[in-house]
There are 2 protein chains.
Amino acid sequence: MTATAAQTSARKRAGNGAAPRDMADDIGLDALVGHAGYAVRRFQIWIFQDFIRTLGNVDIRPTQYSVLTVIGANPGLSQMAVAKRLGIERARLVHLLDSLEQRKLVKRVKSKADRRSHALHLTPQGETALAKFKRLAAEHERHVEEKIGKENRAQLLRILAGFT
Amino acid sequence: MTATAAQTSARKRAGNGAAPRDMADDIGLDALVGHAGYAVRRFQIWIFQDFIRTLGNVDIRPTQYSVLTVIGANPGLSQMAVAKRLGIERARLVHLLDSLEQRKLVKRVKSKADRRSHALHLTPQGETALAKFKRLAAEHERHVEEKIGKENRAQLLRILAGFT
DNA sequence: TATTGTTATACTCTATAACTATA
DNA sequence: TATAGTTATAGAGTATAACAATA
């Protein structure tokens, strides 16, 4: 890594006051190519954009999908439990649930056992909608497979299994 | 505390319906486990947190590091060129550069060839600082290696090479 | 005292639009 | 007309702090 050949040759081409370089096709990333985080971030942005586009007609974003899926699979969870499981701030989840409740996909049920907390459930409408969202999300997942290859996607899931 | 917590959770598990579940250890992710995007997003958050922590003393975040690295390796780039190469909005880059210029790490040099644009350069101070940032970033990268394994990290970089 | 849900604030980041000065 | 840089705004998302009701 250190000072690279790209850096040296680039200096020859552009001194102070010279014309700025704006040809994107020979701009080196230098040390960034050795950072997993850079590639992971770019990939994550691509994935989210595809997800948002694929579920655009139903207006569901990745975070909303994850909340609905976890509530659907675990009816009666408290807000704290959902927030912890998905790594969402509980203050942020309040607004997410406000939106999902306004759309009649989720309901907060006041708990009698612990009157501070709410038990979260999908509405019947929410159950039907989630089934559709899952079909669209599976379509998105096929896009991922087409993009990086079936075997690479499987390897990726295996490598990152500990981060779920 | 443990006895009380155990009793409480036992009561909640036994409760029929209204009592919210809040034990995080048996909450299933359902369809999320099959989505590459979910794992990738969680991993990316972990990586950025480690990066921010590891470079906390020098107060450099991932995006700032990527901008400095690309300018360092390609002196004289225009703002548009940097923005396009790194996938940053040009409006956002303005503020990033304002901050880096205030810290005397980067300078905007007015171009004589095209007086609309600026050629970007590291200051001598910026060169020295970037060398330090790169050492810390390499340390961060070793954390990634420890977290997922050397071979897995290499596979990840190979799989995602197209997203740089 | 501690926790749940809530409200509020601030800062990062993304996505636009519009403005200026140049080309 | 189009482009580079700038300014502004709006919406996500993250990170905190504080508060009321309840445990």
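Residue numbers start from 1 in every chain, and the chains themselves are labelled A, B, ... in the order their sequence lines are given, proteins ahead of strands.
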Are B/Asp30 and A/Lys134 ion-paired here, with the side-chain N under 4.0 Å from a carboxylate O?
yes
Name the closest nucleotide to the B/Met80 side chain, picking from D/dG5, C/dG5, D/dT22.
D/dG5
Using whole Å, what does the distance between atom [atom2] of nucleotide [N] and atom [atom1] of [X] come to?
X: A/Arg116; N: C/dT4; atom1: CZ; atom2: C1'; result: 6 Å
X: A/Asp114; N: D/dA20; atom1: CG; atom2: P; result: 19 Å
X: A/Arg115; N: C/dT6; atom1: CZ; atom2: C1'; result: 17 Å
X: A/Arg42; N: C/dC13; atom1: CZ; atom2: P; result: 14 Å
X: B/Arg85; N: D/dA4; atom1: CZ; atom2: P; result: 17 Å

Quick one: does B/Ser99's side chain have a donor or acceptor within less than 3.5 Å of a partner on B/His95's backbone?
no
Any donor and acceptor pair, going by atom type alone, linking the side chain of A/Arg42 with main-chain N or O of B/Leu86 inside 3.5 Å?
yes
Tell me whether the rings of A/Phe43 and A/Trp46 are parallel (<30°), tilted (30 to 60°) or perpendicular (>60°).
parallel
Base, backbone or nothing for each nucleotide of nucleotides 6-16 of chain D, written B, S, -, heavy atoms under 4.0 angstrom, 5' to 3'?
BBB---SSBSB
Between A/Gln64 and A/Arg61, do the side chains contain a donor N or O and an acceptor N or O under 3.5 Å apart?
no
Is there a donor-acceptor contact under 3.5 Å linking the side chains of A/Arg108 and A/Gln79?
yes
